[in-house]
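All values below were derived from every heavy atom in this structure, side-chain atoms included, with hydrogens, water molecules and symmetry-related copies excluded. We number each residue from 1, following the sequence as shown.
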Amino acid sequence: MSSVSFLQRLSGAFRENQSRFKLVLICTAVSGGGLLAYGESVAPEEIITEKKKVVVLGTGWAATSFLKNLNNPKYEVQVVSPRNYFAFTPLLPSVTCGTVEARSIVEPIRNIFKKKKVDVQFSEAECFKIDAENKKIYCRSSLNNNLNGKEEFVVDYDYLIIGVGANVNTFNTPGVMENCHFLKEVEDAQKIRRTVIDCFERANLPDVSEDEKKRILHFAIVGGGPTGVEFAASLHDFVNEDLVRLYPGIKDLVKITLLEAADHILGMFDKRITAFAEDKFRRDGIDVKTGSMVVKVSEKEISTKELKSGGEIKTIPYGMAVWSTGIGTRPFIKDFMTQIGQASRRALATDEWLRVEGCNNVYALGDCATINQRKVMDDITAIFKKADKDNSGTLTVKEFQEAMKDISERYPQVELYLKNKQMRNIADLLKDVKGDDKKESIELNIEELTTALSKVDSQMKFLPATAQVASQQGTYLATCFDRMEECEKSPEGPLRFRGEGRHRFKPFRYKHLGQFAPLGGEKTAAQLPGDWVSIGHSSQWLWYSVYASKQVSWRTKALVVSDWTRRFIFGRDSSSI
């Protein structure tokens, strides 16, 4: 027993100090005796370089995508967020109506990075101040137990990644914050679900008048974008497929109204989708009011300015109102923007590498930021000088084509302009300016090049505030951080037209993979790359497959699919818990 115990202790010591043992040799004699011989060699001490500290604010699409894809162990990562989970926000409208349970679309943030080789720590707190000059952030615990929400702490950083998303934009409309529901967080979806059921229960009470029942069962959705449209469709299905069977006496009193200030709903989609959605909603009994701008929301009424009727003010009684009309900047981000000279902007301005302008080690991505794409016209002189390798004062087609790859990479609007003008290459554009059939003989001076590229910047567009954009930005930035040292030595980006050498990385480029607009009744509109539009049941099944595959874990994939299956068999859950 003592021999076994000794070997166990030795084995434990070996496991704990493997780097200090070079050879262990155990020889057992036939006679039953044992001989233990080992040689010990202390390995030379490894050179431990100080890890760079990366602080990540947020656990949304951008921040989570960054954490999932960061693989370089030379970083020490500190995540700070008031919520300790990632939420699959595109399915929030499904949560509001019991199609999917809230638990099914959330994944604890620690599960996402617990198996990574990178040292990642998490603090459940909210940042309330960024000190970029001293590389510090000031945080406040979001926990109330024993802390009273007052515990504050400071975190130092080498690199700061801001991915905190955005607030709801109320456009300073009176009464919105006090009387409307929103649909940004899981808690918002759960609250809407409870309110819908409560409205039906209140309207079902025996002492409620007919007019009051109609008001209580009037559901108003403000905003005709993807979120507002999907919620209206989900609510319609919930009411007509599940609740009317449970509340047969009041089913004919339910009304759903969608209010949109613009001329059409789903304005960012193809016109065919917009027309189909408006027609389907009208056939389904959803009242679509376009040209109706909400100017005030009281406890029981919504006041609208009818833009199609000369600005006439109308009032609409309602039982529940959901506000879904764009995004606004978080207060501490506004303070940070003022600090760095961006007070007049609607979001943090970054360069094409997602660095906050004016801050070398601060990056911002997702809904809280916007990329400030450099204009060709701002750099036209520098572009000309770089391309004019023989310093002749004129550019030939060959010289410009040699620089074209770097120009298109640095200024993507050039390629978009050529595509929209149906020009095969830059030679066609230069020929268009000179009117010369012999492309090879074309030579341009700086004034002629300026004329040729004068309309290129008209192709610049802001990226939409979507999960797809945020996710791609997080993946891109993680790749940059993984290859930081490698690209310092061997830059792979485009030429620095206003400096020497090349940029370290290629700039971020968004690749649009398509977008969906669920319209209810197991029908979805899909707008996919190549201007391909599909509407109907087949697109609904494509929506199911895409949203199931995009879940961040096998656990949430299984839960979401099981929720969909349960809904098909048993219907939606109509309890108010």
Side-chain angles (χ1 to χ4, degrees), residues 340-342 344-360 369-464 469 476 491-512:
I340 60 176
Q342 294 190 19
S344 61
R345 304 189 68 94
R346 66 173 184 84
L348 274 169
T350 73
D351 61 17
E352 296 89 333
W353 292 269
L354 308 184
R355 287 182 305 231
V356 174
E357 292 184 344
C359 304
N360 288 330
T370 183
I371 296 175
N372 193 15
Q373 175 65 51
R374 188 83 181 172
K375 294 182 179 179
V376 172
M377 287 295 101
D378 291 342
D379 295 336
I380 192 68
T381 303
I383 292 171
F384 186 88
K385 288 181 179 179
K386 284 284 184 180
D388 184 18
K389 294 182 179 180
D390 59 2
N391 296 318
S392 63
T394 59
L395 279 185
T396 64
V397 171
K398 183 179 179 182
E399 283 179 321
F400 202 87
Q401 284 178 332
E402 288 175 353
M404 187 60 188
K405 181 180 178 182
D406 290 306
I407 293 171
S408 295
E409 203 167 68
R410 184 68 180 85
Y411 310 96
Q413 59 265 42
V414 174
E415 197 170 330
L416 285 173
Y417 183 79
L418 293 177
K419 182 180 178 182
N420 289 340
K421 289 292 183 179
Q422 296 182 339
M423 295 180 176
R424 289 172 296 176
N425 50 46
I426 195 67
D428 289 340
L429 178 61
L430 302 184
K431 173 191 168 184
D432 190 52
V433 174
K434 294 288 286 187
D436 195 335
D437 290 335
K438 296 181 180 179
K439 300 175 185 176
E440 293 76 13
S441 65
I442 297 174
E443 290 191 11
L444 280 79
N445 57 31
I446 181 66
E447 289 79 13
E448 290 170 328
L449 180 66
T450 301
T451 301
L453 301 179
S454 60
K455 297 180 181 179
V456 164
D457 290 327
S458 64
Q459 299 300 312
M460 293 171 59
K461 296 179 180 179
F462 289 110
L463 295 178
V469 171
Y476 164 82
E492 60 181 24
L495 280 171
R496 294 180 182 271
F497 288 102
R498 285 183 169 271
E500 298 299 322
R502 291 184 170 274
H503 291 277
R504 277 184 302 181
F505 310 107
K506 294 180 179 180
F508 171 74
R509 290 291 174 263
Y510 169 61
K511 184 178 181 181
H512 186 60

Minimum heavy-atom separation for F505 to P494, with atom names?
-> O-CD, 3.9 Å
Could you please spell out the steps behind the side-chain contact (heavy atoms from CB on, under 4.5 Å) verdict for E357 and N372?
-> CA-CA 9 Å; E357 292 184 344; N372 193 15; 3.1 Å; yes
Show me the donor-acceptor pairs within less than 3.5 Å that the side chains of residues 412-419 make with the rest of the protein, sequence neighbours left out.
residue, atom, partner, partner atom, Å
Q413, NE2, R374, O, 3.0
Q413, NE2, D457, OD1, 3.0

Please identify each residue that fulfils side-chain contact (heavy atoms from CB on, under 4.5 Å) with A347, with sequence neighbours left out.
-> T370
Quick one: OH on Y476 to NZ on K506, what's the gap to the nearest 0.5 Å?
-> 10.5 Å
Quick one: pull up CZ in R509 and NZ in K511 and give me the separation to the nearest 0.5 Å.
-> 14.5 Å
Set of residues satisfying side chain to side chain donor-acceptor pair (under 3.5 Å) with respect to N360, sequence neighbours excluded | none
Can you list the residues that meet the salt bridge (charged side-chain N to carboxylate O under 4.0 Å, His left out) rule with E409, with sequence neighbours excluded?
-> none
Spacing of CG belonging to L449 relative to CD belonging to E443, to within rounding of 0.5 Å = 13.0 Å
Counterpart residues, side-chain contact (heavy atoms from CB on, under 4.5 Å), relative to Y510 (two or more places apart) | L463, Q468, V469, Q472, F508, H512
About how many Å separate CD1 of I371 and CG of D351, when rounded to the nearest 0.5 Å?
-> 8.5 Å
Taking every heavy atom of E448 against every heavy atom of L444, the minimum-distance pair comes out as OE1-CA, 3.3 Å
Closest non-hydrogen atoms of A387 and L395, given as atom of the first, atom of the second and distance, are C-CD2, 3.5 Å
Could you check I380 against L453 for side-chain contact (heavy atoms from CB on, under 4.5 Å), going step by step and ending with a plain yes or no?
-> CA-CA 9 Å; I380 192 68; L453 301 179; 3.8 Å; yes
Determine yes or no for a side-chain-to-main-chain donor-acceptor pair under 3.5 angstrom, with S458 supplying the side chain and K455 the backbone.
-> yes
Side chain to side chain, I383 and R410, heavy atoms closer than 4.5 Å = no
Name all residues meeting the salt bridge (charged side-chain N to carboxylate O under 4.0 Å, His left out) criterion together with R496; count only those two or more places apart in sequence or in a different chain, and write none if there are none.
-> none
Who pairs with R498 by salt bridge (charged side-chain N to carboxylate O under 4.0 Å, His left out), at least two apart in sequence or on another chain?
-> D379
Atom OG1 of T394 and atom CD1 of I446: how far apart are they, to the nearest 0.5 Å?
-> 11.5 Å
CZ (F497) and CZ (F384) are apart, to the nearest 0.5 Å, by 13.5 Å
Pairwise side-chain contact, I407 with L495, heavy-atom cut-off 4.5 Å (strictly under) = no
Output all residues satisfying side-chain contact (heavy atoms from CB on, under 4.5 Å) with N420, sequence neighbours left out; order by chain, then residue number.
-> Q459
Under 3.5 Å, is there a donor-acceptor pair between the side chain of E399 and the main chain of T396?
-> yes
With sequence neighbours excluded, tell me which residues meet side chain to side chain donor-acceptor pair (under 3.5 Å) with Q373.
-> E352
Not counting sequence neighbours, which residues clear salt bridge (charged side-chain N to carboxylate O under 4.0 Å, His left out) with D406? List them please.
-> R502
Here the salt bridge (Lys or Arg N to Asp or Glu O under 4.0 Å) pairs for residues 381-393, sequence neighbours left out, are K389-E402
Just jot down the side-chain contact (heavy atoms from CB on, under 4.5 Å) partners of S454, sequence neighbours excluded, or say none.
-> none
